[in-house]
Amino acid sequence: MKNVFVVILLVSSVFSYGRNPQKEMEKKLIGTWCNPYTYEYSGELKGFTFKKGGRCEAVNVPSLDLKSWEIKDGALIIKGFMTGETGEKEEYETIERILKLNDDTLRVVSKESSPRVTFMYMNAKVIKERITPQVQKRKEK
(Lines give C-alpha, C1' and ligand atoms only; values in the text may rest on other atoms or scores of the structure.)
Protein backbone atom coordinates (compact mmCIF):
# COMPACT_ATOMS: atom_id res chain seq x y z
CA MET A 1 0.00 0.00 0.00
CA LYS A 2 2.86 2.32 0.85
CA ASN A 3 4.42 1.69 -2.59
CA VAL A 4 1.17 2.64 -4.37
CA PHE A 5 1.05 5.93 -2.49
CA VAL A 6 4.67 6.71 -3.42
CA VAL A 7 3.99 5.95 -7.10
CA ILE A 8 0.89 8.19 -7.13
CA LEU A 9 2.86 10.97 -5.44
CA LEU A 10 5.68 10.69 -7.99
CA VAL A 11 3.33 10.67 -10.99
CA SER A 12 1.39 13.70 -9.75
CA SER A 13 4.59 15.62 -9.05
CA VAL A 14 5.89 14.92 -12.58
CA PHE A 15 2.67 16.29 -14.12
CA SER A 16 2.56 19.37 -11.89
CA TYR A 17 6.26 20.03 -12.45
CA GLY A 18 5.68 20.41 -16.18
CA ARG A 19 2.91 22.98 -15.70
CA ASN A 20 3.68 26.65 -16.01
CA PRO A 21 0.84 28.70 -14.44
CA GLN A 22 1.92 31.91 -16.17
CA LYS A 23 1.92 30.26 -19.62
CA GLU A 24 -1.53 28.80 -18.87
CA MET A 25 -2.82 32.28 -17.97
CA GLU A 26 -1.34 33.72 -21.17
CA LYS A 27 -3.11 31.06 -23.26
CA LYS A 28 -6.44 31.78 -21.56
CA LEU A 29 -6.06 35.51 -22.12
CA ILE A 30 -5.68 35.28 -25.92
CA GLY A 31 -8.88 36.66 -27.43
CA THR A 32 -11.23 39.62 -27.07
CA TRP A 33 -12.44 40.73 -23.64
CA CYS A 34 -15.16 43.36 -23.21
CA ASN A 35 -16.81 45.16 -20.32
CA PRO A 36 -20.25 43.56 -19.73
CA TYR A 37 -21.66 46.68 -18.04
CA THR A 38 -20.82 48.89 -21.00
CA TYR A 39 -22.41 46.33 -23.31
CA GLU A 40 -25.52 46.04 -21.13
CA TYR A 41 -26.10 49.80 -20.98
CA SER A 42 -25.03 50.85 -24.48
CA GLY A 43 -25.04 47.71 -26.61
CA GLU A 44 -21.45 48.51 -27.60
CA LEU A 45 -18.52 46.15 -27.10
CA LYS A 46 -15.55 47.94 -25.53
CA GLY A 47 -12.42 46.32 -24.22
CA PHE A 48 -9.22 44.65 -25.38
CA THR A 49 -8.00 42.06 -27.87
CA PHE A 50 -4.96 40.14 -26.68
CA LYS A 51 -3.04 38.40 -29.43
CA LYS A 52 -0.25 35.83 -29.47
CA GLY A 53 3.21 37.26 -29.24
CA GLY A 54 2.18 39.95 -26.76
CA ARG A 55 0.36 42.20 -29.23
CA CYS A 56 -2.72 44.09 -28.04
CA GLU A 57 -5.47 46.31 -29.46
CA ALA A 58 -8.27 48.35 -27.94
CA VAL A 59 -11.82 47.48 -28.99
CA ASN A 60 -13.98 50.55 -29.72
CA VAL A 61 -11.86 52.86 -27.58
CA PRO A 62 -10.46 55.34 -30.12
CA SER A 63 -8.35 57.20 -27.55
CA LEU A 64 -6.20 54.09 -26.96
CA ASP A 65 -3.54 52.87 -29.37
CA LEU A 66 -2.39 49.72 -27.57
CA LYS A 67 0.75 47.90 -28.59
CA SER A 68 1.65 45.14 -26.13
CA TRP A 69 0.63 43.03 -23.17
CA GLU A 70 2.33 40.62 -20.81
CA ILE A 71 1.66 38.79 -17.58
CA LYS A 72 4.33 39.20 -14.91
CA ASP A 73 4.03 37.95 -11.34
CA GLY A 74 0.24 37.60 -11.65
CA ALA A 75 -0.21 41.10 -13.06
CA LEU A 76 -1.50 42.05 -16.50
CA ILE A 77 0.63 44.81 -18.02
CA ILE A 78 -0.74 46.68 -21.05
CA LYS A 79 1.30 49.30 -22.91
CA GLY A 80 0.66 51.68 -25.75
CA PHE A 81 -0.41 55.27 -26.28
CA MET A 82 -3.40 57.33 -25.23
CA THR A 83 -4.71 60.44 -26.93
CA GLY A 84 -5.48 63.05 -24.29
CA GLU A 85 -8.19 65.71 -24.31
CA THR A 86 -5.82 68.14 -26.03
CA GLY A 87 -5.17 65.64 -28.84
CA GLU A 88 -1.61 64.91 -27.72
CA LYS A 89 -0.43 61.33 -27.59
CA GLU A 90 1.11 60.20 -24.35
CA GLU A 91 2.46 56.88 -23.14
CA TYR A 92 -0.11 54.54 -21.64
CA GLU A 93 0.70 51.74 -19.24
CA THR A 94 -1.55 49.91 -16.86
CA ILE A 95 -0.58 47.23 -14.37
CA GLU A 96 -3.51 45.31 -12.95
CA ARG A 97 -3.40 42.27 -10.68
CA ILE A 98 -5.40 39.37 -12.08
CA LEU A 99 -8.01 38.21 -9.56
CA LYS A 100 -9.83 35.73 -11.80
CA LEU A 101 -9.20 34.35 -15.27
CA ASN A 102 -11.13 31.51 -16.83
CA ASP A 103 -12.67 30.80 -20.24
CA ASP A 104 -15.30 33.53 -19.95
CA THR A 105 -14.31 35.93 -17.15
CA LEU A 106 -11.37 38.23 -16.53
CA ARG A 107 -11.41 40.18 -13.27
CA VAL A 108 -8.56 42.55 -12.40
CA VAL A 109 -7.80 45.06 -9.64
CA SER A 110 -6.00 48.26 -10.55
CA LYS A 111 -5.98 49.83 -7.11
CA GLU A 112 -5.77 47.83 -3.89
CA SER A 113 -6.22 50.66 -1.38
CA SER A 114 -9.44 52.37 -0.47
CA PRO A 115 -11.37 52.86 -2.62
CA ARG A 116 -10.51 49.56 -4.26
CA VAL A 117 -10.89 49.67 -8.05
CA THR A 118 -11.69 46.45 -9.90
CA PHE A 119 -12.76 45.75 -13.46
CA MET A 120 -14.55 42.78 -14.96
CA TYR A 121 -14.43 41.70 -18.57
CA MET A 122 -16.17 38.88 -20.37
CA ASN A 123 -14.93 36.94 -23.34
CA ALA A 124 -16.56 38.47 -26.42
CA LYS A 125 -17.59 34.98 -27.55
CA VAL A 126 -20.05 34.67 -24.65
CA ILE A 127 -21.02 38.23 -23.74
CA LYS A 128 -23.84 38.44 -26.31
CA GLU A 129 -25.24 35.10 -25.14
CA ARG A 130 -25.38 36.16 -21.49
CA ILE A 131 -26.05 39.90 -21.53
CA THR A 132 -29.03 41.64 -23.11
CA PRO A 133 -28.39 45.31 -23.81
CA GLN A 134 -30.89 47.72 -22.26
CA VAL A 135 -30.91 49.54 -25.60
CA GLN A 136 -32.52 46.41 -27.08
CA LYS A 137 -34.94 46.15 -24.14
CA ARG A 138 -36.07 49.76 -24.70
CA LYS A 139 -36.67 49.12 -28.41
CA GLU A 140 -38.81 46.07 -27.59
CA LYS A 141 -41.20 48.11 -25.38
Side-chain angles (χ1 to χ4, degrees), residues 2-141:
K2 197 175 192 181
N3 290 340
V4 171
F5 178 71
V6 171
V7 169
I8 291 171
L9 187 61
L10 283 172
V11 169
S12 66
S13 68
V14 167
F15 283 112
S16 64
Y17 179 76
R19 291 180 55 203
N20 182 336
Q22 183 158 320
K23 290 290 183 196
E24 290 178 20
M25 288 176 81
E26 290 171 359
K27 285 181 185 178
K28 284 183 182 178
L29 196 63
I30 301 294
T32 300
W33 298 87
C34 297
N35 185 304
Y37 305 109
T38 301
Y39 181 70
E40 181 178 16
Y41 290 106
S42 71
E44 188 174 24
L45 293 173
K46 289 189 177 203
F48 307 95
T49 297
F50 300 106
K51 298 178 178 184
K52 290 181 182 178
R55 292 176 296 132
C56 182
E57 294 177 355
V59 175
N60 293 322
V61 184
S63 61
L64 290 178
D65 179 19
L66 302 179
K67 300 296 182 189
S68 67
W69 69 272
E70 68 176 312
I71 296 175
K72 187 174 182 179
D73 300 324
L76 173 61
I77 302 166
I78 302 171
K79 296 179 182 180
F81 298 93
M82 180 172 93
T83 305
E85 291 179 18
T86 62
E88 283 188 41
K89 274 195 171 188
E90 53 192 66
E91 284 190 36
Y92 174 86
E93 178 179 274
T94 181
I95 301 171
E96 299 172 335
R97 189 169 55 87
I98 298 171
L99 298 176
K100 180 179 182 178
L101 175 59
N102 59 31
D103 292 340
D104 59 5
T105 303
L106 168 63
R107 188 169 289 140
V108 296
V109 61
S110 63
K111 183 179 173 191
E112 294 282 354
S113 60
S114 182
R116 187 173 189 199
V117 179
T118 63
F119 297 97
M120 184 174 113
Y121 301 94
M122 291 182 75
N123 191 302
K125 292 178 182 176
V126 299
I127 197 168
K128 291 181 180 181
E129 297 170 4
R130 299 188 184 165
I131 308 291
T132 303
Q134 288 191 4
V135 175
Q136 183 178 347
K137 289 178 186 176
R138 282 184 243 138
K139 286 180 183 178
E140 292 172 354
K141 288 183 180 181

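The residues of the chain are indexed from 1 along the displayed sequence.
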Acceptor/donor pairs from residues 73-95 side chains to any protein atom, 3.5 angstrom cut, sequence neighbours excluded:
from, atom 1, to, atom 2, distance (Å)
Lys89, NZ, Asp65, OD2, 3.2
Thr94, OG1, Glu96, OE2, 3.3

Nearest-0.5 Å distance that lies between atom [atom1] in [X] and atom [atom2] in [Y]:
{"X": "Tyr39", "Y": "Ile127", "atom1": "OH", "atom2": "CD1", "answer": "7.0 Å"}
{"X": "Ile131", "Y": "Met122", "atom1": "CD1", "atom2": "CE", "answer": "5.0 Å"}
{"X": "Glu70", "Y": "Glu26", "atom1": "CD", "atom2": "CD", "answer": "8.5 Å"}

Could I get the full list of side-chain contact (heavy atoms from CB on, under 4.5 Å) partners for [X], not counting sequence neighbours?
{"X": "Glu44", "answer": "Ser42, Lys46, Asn60"}
{"X": "Lys27", "answer": "none"}
{"X": "Glu129", "answer": "Val126"}

Pairs in or reaching into residues 99-111: which pass side chain to side chain donor-acceptor pair (under 3.5 Å), with residues at least two apart or in two chains?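 Listed once each, the pairs are Asp104-Arg130.
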
Return the set of residues passing salt bridge (Lys or Arg N to Asp or Glu O under 4.0 Å) with Lys72 (not counting sequence neighbours), or none when no residue passes.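 For Lys72, no residue satisfies salt bridge (Lys or Arg N to Asp or Glu O under 4.0 Å) once neighbours in sequence are set aside.
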
Taking salt bridge (Lys or Arg N to Asp or Glu O under 4.0 Å) as the definition, give me every residue that meets it alongside Arg55, ordered by chain and number, with sequence neighbours left out.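 Residues passing salt bridge (Lys or Arg N to Asp or Glu O under 4.0 Å) with Arg55: none at all.
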
Pairs involving [range], ordered by first then second residue, that meet ring pair (Phe, Tyr, Trp, His ring centres under 6.0 Å) (sequence neighbours left out):
{"range": "residues 108-127", "answer": "Phe48-Tyr121"}
{"range": "residues 93-116", "answer": "none"}
{"range": "residues 52-71", "answer": "Phe50-Trp69"}

Is it true that a side-chain atom of Gln22 and a backbone atom of Ile71 form a donor plus acceptor pair closer than 3.5 Å?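 It does hold such a pair.
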
List the atom of Leu45, the atom of Val59, and the distance in Å for their closest heavy-atom pair.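 So the minimum-distance heavy-atom pair works out to O-CG1, 3.7 Å.
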
Would you mind writing out the side-chain donor-acceptor pairs for residues 28-36 within the sub-3.5 Å range, not counting sequence neighbours?
from, atom 1, to, atom 2, distance (Å)
Thr32, OG1, Thr49, OG1, 2.9
Trp33, NE1, Leu29, O, 2.8
Asn35, OD1, Tyr37, N, 2.8
Asn35, OD1, Thr38, N, 3.0

